Each structure stands twice: as structure tokens, then as C-alpha cells.
Amino acid sequence: MDLLVGQVFTGLSTGSILLLAALGLSLTFGQMGVINMAHGEFIMAGCYTAYVTQQLVGDAGASLLIALPVGFLVGGAMGLILEAVLIRHLYHRPLDTLLVTFGVGLVLQQVARDVFGAPAVNVTVPEALRGGVDLLGTTVPKTRLFILALAVVAVTAVTLVLRFTPAGRRIRAVVGNRDLAETAGISSRAVDAGTFFIGSGLAGVAGVALTLIGSTSPTTGQSYLVDAFLVVVAGGMGRIKGAVVAAVALGTFQAVFETYSTASLAKVGVFIVIVVFLQLRPQGLFTLRTRSLA
Amino acid sequence: MQAPVPIEPGLTARKVEHRMPQRFTFTARDLTRTFAAAAAVAALVATSACGSRAGEETAAAESCVDTSGDTIKVGALNSLSGTMAISETTVRDAIYLAVDEINAAGGVLDKKIEIVAEDGASEPTVFAEKAEKLIREDCVASVFGGWTSASRKAMLPVFEDNDSLLYYPVQYEGLEASENIFYTGATTNQQIIPALDYLAETGVKSLYLVGSDYVFPRTANAIINAYAEAHGIEILGEDYVTLGSTEFSTIVNQVKSAGADAVFNTLNGDSNVAFFREYANVGLTAEEMPVMSVSIAEEEVGGIGVENIEGQLAAWNYYQTVDSPANTTFVEAFKAEYGADRVTSDPMEAAYNSVYLWAATVEKAGSFAVADVQAAADGVSFDSPEGTVVIDGENHHVTKTARIGEIHADGLLYTVWESEGPIDPDPFLDGYDWAADLQVSN
């Protein structure tokens, strides 16, 4: 029974981690259709932002709070540069974008290796987040509660921005129909850059938060990338709602499968579920009705 | 070596140019003609490649190692990029240190050692490719390196086919003994079995097994299961995660509710970080449920964060803190070369030993030739940082002292138990009755 309660929470928690990693991608990949293989490296950049901040600030608690916005800016700036220098020229060549961003990801990994060294570095967890909370007879690590809360905040923020701000309206307009949006006086270039900034910034935030539970090494980002793409594809392109539901569903599937088998077998189970699901519903959980012909 | 592709005499550059379609309008005849030309070229390349390969094989049998100069070339093949770079760059540092020391002392058979370095890129196929290149093109006398079992298994046929030598410095899952490989890391009876002996001695009656999903943990756990059955230890669970996985919530919950006396951890790489953080966070401690790890050394502790892993156990043959004159010299030399903040670890020490063992074998044989080295290997010894190691000519492994270490707050491991003297290598576990019908997938 304890185990079951634990697993329910684990599902939610795993889901929130997936969601945090995938949220930025659901903007850049889901909304703009850019396959950014360097997304994982933006997460990694967030991890190292947390590390550097901690080295400079010292206090683990304060540095985490500082690193979250700084991570957003670092990730966002990297995204902005990538968009302006490379992706902009490849908007109608998705395959080239995939290859180019994959290369950029490898370059970023090597840069991290040269700057910080190949071994993983340690980001100390703040005292306040160590240990667990007893919840219905099971121990829930505080770090996971923090990530869960952060995921909720991030999703709420993105939803509010998209729905209620002029910038969000412009993003939705460009996604809905690029040409029509342009005729209405919206600079789709600026919107693309802005969307990419937010999406990449969210990857940076995810990176900062993930240092609480995972490792910080040059290859950290890769371990989240595939899962992040799965969430976006299963959730349905361009729908934040889809990403949320898909992340929680995948997290729960993984947790439940894992209880009855081993973790690597559970992963296989999750893949099978996704493959079957996409056979039945190739467009994902939720679809965005757009007037674009793409 | 690439044989030049003979050019068909009639096929001049001008004609080729002429055949190139000016517009993208292929006629059926053009297509057939291009296709035929391509087929002809492919056939030519194929025949020439076959011819040259046959030629090279004879050359390889004679070995192209150049022993006439005052230097002798050896290969260092480690991953300098990719996921394994984290560990393998440290091994490479140790190899360079040993070579520098040997050169400073006069070299091998009065020749200075010259390293040809290659990057295995964490890819077994690249390892095989680069090994072939080192042997055939650089004509090295022997190669030092490799880490994962996958990389070793990929290189094994290359070294056997070319009859060359590999010195492999990492503890591994045993069940292998190639004439062309010297294994200077521990085999299972020098690491895993002593670790189990230690746990049994301290009163552990039940175990939970956690590992990455690949050959080493699977084989190690097969051995642990057989051992447990014979020694009355209960295995409460056995879990595998994909390499690099960082999601340990469920596993740690299961470990916690199973309530085993100890956990046996064969996770590799970054997964350890996530595992130990989760482990500490749900309130499991080293006193309550110690974790015995076989892949965590001094290098890894820093990345995991010592606050998450203090007091946990590890099984190796060497720690930086081993108290011996040879180790003091080794650690001092290493820190002088690479910086005071660097640490030394078991695979690094085994790699350092491997260079010295090779040099000693060559000196004993009086020759760099593979057959002479193989013949002279039995009984060659080296006073290494971990104690004296001796090559077993039968299975090409070395004798090693097993040590259980505890992780302390300074990030180093301290010996809490060690075997009575060096243990003879037994890669196929012939000396253990309970291992007689061990079924292991290879």
C-alpha cells in the first residue's frame, strides 16, 4: 500500500520532470515546428548555470533562487543566437535544421567538457530541500516536491503569457497562420525569435532545477532529450495542455510498469504504448486547429 | 593503407564532364549509362580492395613494428569524447605518466617510448577502427586502453586477427582470456566475490541488486545470485535501468520497502548521481542500509556530492589512500604532473601498472615481438601502488589484493577490509563450486 501511494506520487513527480524538460520544446518544436536537437544542451547549460552561480554565491539556497532566472536568461540567449545565426536560414528545411542543431549540440557538449572538465560537477542541494516529507505513509523527497511546484508555476506562466499578453497573441497568430498574421502587420521574424527565446529559456530553468536530482555533466542534456520529444509528440504538436497530460501519463506509466518489472523493461513498455498510441492517433492527444497549410 | 584506384584509361576527365547532366533531365539512356559506369567503378574498387587486403594480411603477420630506431611506438586508445570521456581521460593521464617515468629512467630496451594517441569516442566501433589503425598504420608495439566491456569485445577480434597486444586496465565481468589481451584490472573473483565475502562477514542476510542494463551488471548479478544461493543470502530484488537513466524514484522506493540488509550497486556513470541523491533524500543511510558499489571511485565521488554518499562502501583493489611507499610515489608524481586537486583511482592505477608490466615483460623477453612478449609474460611482476602484481601467463590476468573502502567526508575512500594477500585471477571461476553451473549471457 505504501508502495502504491509512493508510486502515484512518483508518477506525478516523473511527469513533472518530463514536463519541465519538454515545456520549452513544446514551444519551439510544437508551436514553431523547429526540431531543435540542441534543446538538451540548453538544459545542460542551465545545469552549469546553477553550478557557476553556486560557486560565486556560496549559499546553496540563495544561489538556487538566483540561478533560476539567470538560467532562463542564459538558455534564452543561447536560443536567440542559435535562431538568429542558423535556424532562421533553415525554416523550410526541417531535416537540415535537425542535422545542424544536432551538430550544435555536440559542439556545446565539447565546450562544456573543455570549460568544466569531463567529470560531473556537484551542485549542492540547499539544506532546506534535503531529506523527505512523510506523506500518507511514504517518504517524498523535498527536491521532487520543489520540481513539481516549479513545473506547475512554469506551465501556468506560459499559459498566461500565451493567452493574455499581446506577445502571446502574436505567437498564437503566427502559429495559426503565418501569412495572414504577417498581412495583419505582425513581424513573424520577431515573433519567431521571441518564441525561441522563451522556449530555450525554459530549458535553462529546467536545467537549474534538474541539478537537484540528477548529475551535472556535459552529457546531462542528452538523457532528457528523447523523453522531451516523446512528450511533445504524444501530447500533440502545439498544445501546452497536451504536453501536460502526456508528461503525467508517461510518468505514471513508467512508474507503474516499473513496480511490476525492471526500469529498463518499463522503458520498453512506455515506448510500446507510445508507438501503439501514435498508430491510433498520429496527431497526438490534442490537436491544434490551424489555418496554415503546412 | 588505401591502394590507388586504377582509372579506366578511356574515362578522361573531359568525358566525365560531358556525361554530367547540364539540366535535371535524365533520359532513360543517360540513366542506364550512369548506372553502368557506377557499377563498373564499384566493381573495380571492390577488386582492388580485395587485392590490397590480402597483401596487407601477409604484412601484418610479419608485423610492421619498427624496432630499428631509438624510439618504440605504443598506442593509447581512450575515449576523449562522448559519455565515457569522464572516466577514460583519467586513464589516459595515468598512461602518459607511466610512459614519462619509464622514459626518464632510460626507456625500454634502451628505446624511448613514443605514444600514438587515438580517441575511441565512447563508441565500440570507433575503438575497433582506431585499434586497427594503430596496429596497421602506426605500427605500434602494443596498445593501452579501453574501458567498457563493449569496447573491449569490439577490439578483441582486431587484436587477435592482427596478432597484436592490448593492455586493458579496468575491472570487468570475467569469462574471457585472450592470448592478445592482458587484463590488469580485477576479474570477478578479485572484486565482486571479496565484496560479497565482506558483506556476509558483517552479517548481511539479504541483498537488493541495482544495476545499469548491460553486460557487466547482468553478469555480476548472475554471480551474486549463485553466491547468495550457496551462502544463504536472500536476494530481495534485482533492478536494471538503461545506461544514463536518472529516474530512480521507483527503484529507491522499492529498495526502501524491501528492507534489505544491504544494496549491491553495479550502476555505471551519471546514474549513480541520481541514485545516491534519491537514496539520501528518502532517508536511507549507510548505517541503516549500506550500498556496496563496484563502479564508484575517487573521481566519481565529487560529482555525486560527498554529502549524499558519505559512509557508503566500494569494492576495488586500489585507493588513493593505500599506505605503501610505491603509492606515495605514484600519488605525488601524479599530482605534480596534473595538479594537486586531482585524485588517483583504481582504473588509473591499473593503467599505470599496465605500462610498467608491458615494459618489464619486454625487458624480460629482450624483444618487442608479440610472441616473445606472450612467452615471457608468466611471472612478470611489478611493485605497484596497490602492492606487488604478478602476471598469470595462463589467463593473462594479474594477481590483485581486494579492498573494501568506505567513502569519507574528504571525498576519498579508506580501506576497511582487505584480502589476505593478493588473490590469483580466476576469470572463469573454476575454483568456486557454487559457480559451476553459472548461466551467463555473453
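All chains are named by letter (A, B, ...) in the order of the sequence lines, taking the proteins before the strands, and each is independently numbered beginning at 1. In this text the structure is predicted, and so the values were computed from the model without any measurement.
- Between chain B and the options A/V123, A/D134, A/T216, A/I17, heavy-atom pairs under 4.5 Å are most frequent for A/V123.
- Panel note: side chain B/R277, backbone A/T211; a donor-acceptor pair is recorded below 3.5 Å.
- Both the backbone and the side chain of B/D239 have a heavy atom closer than 4.5 Å to some heavy atom of chain A.
- Each of A/G132, A/G214, A/G11 has some count of heavy-atom pairs under 4.5 Å with chain B, and the biggest count is that of A/G214.
- Side-chain atoms of B/N308 never come within 3.5 Å of backbone atoms of B/F276 as a donor-acceptor pair (strictly under, hydrogens ignored).
- Of the two parts of A/T10, the backbone and the side chain both hold a non-hydrogen atom closer than 4.5 Å to a non-hydrogen atom of chain B.
- No other option in B/G237, B/S212, B/A274 has as many heavy-atom pairs under 4.5 Å with chain A as B/A274.
- If you tally non-hydrogen atom pairs under 4.5 Å between each of B/L80, B/V273, B/V306 and chain A, the highest count goes to B/V273.
- In this structure, the portions of A/T124 lying under 4.5 Å from any heavy atom of chain B include both its backbone and its side chain.
- Neither the backbone nor the side chain of A/L210 comes within contact range of chain B; no heavy atom of the residue lies under 4.5 Å from a heavy atom of that chain.
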List the atom pairs, with distances to 0.1 Å, where a side-chain N or O of residues 99-115 of chain A and a protein N or O form a donor-acceptor pair under 3.5 Å, not counting sequence neighbours.
residue, atom, partner, partner atom, Å
A/T101, OG1, A/I35, O, 3.3
A/T101, OG1, A/M37, N, 3.0
A/T101, OG1, A/T97, O, 2.7
A/T101, OG1, A/L98, O, 3.1
A/Q109, NE2, A/E41, OE2, 2.9
A/Q110, OE1, A/R113, NH1, 2.8
A/R113, NH2, B/G82, O, 3.4

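- Contact check on B/K256 versus B/E278 returns no salt bridge, with no Lys/Arg side-chain nitrogen under 4.0 Å from an Asp/Glu carboxylate oxygen.
- Using a distance-only test at 3.5 Å, with no hydrogens or angles considered, no donor-acceptor pair links the side chain of A/T53 to the main chain of A/S63.
- To the nearest 0.5 Å, atoms CD (B/E123) and NZ (B/K130) are separated by 12.5 Å.
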Atom pairs and distances, side-chain donor-acceptor, residues 287-302 of chain B, under 3.5 Å, sequence neighbours left out:
residue, atom, partner, partner atom, Å
B/S293, OG, B/N265, ND2, 3.0
B/E298, OE2, B/Q320, N, 2.8
B/E300, OE1, B/A297, N, 2.8

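- Proximity to chain B is limited to the side chain of A/T143, based on heavy atoms less than 4.5 angstrom apart.
- Residue A/L265 does not touch chain B at all, counting heavy-atom pairs closer than 4.5 Å.
- For A/Y224, the part lying near chain B is the side chain, with the backbone staying farther off; criterion is any non-hydrogen pair under 4.5 Å.
- Rounding to the nearest 0.5 Å places OG1 of B/T266 at 10.0 Å from CG of B/D213.
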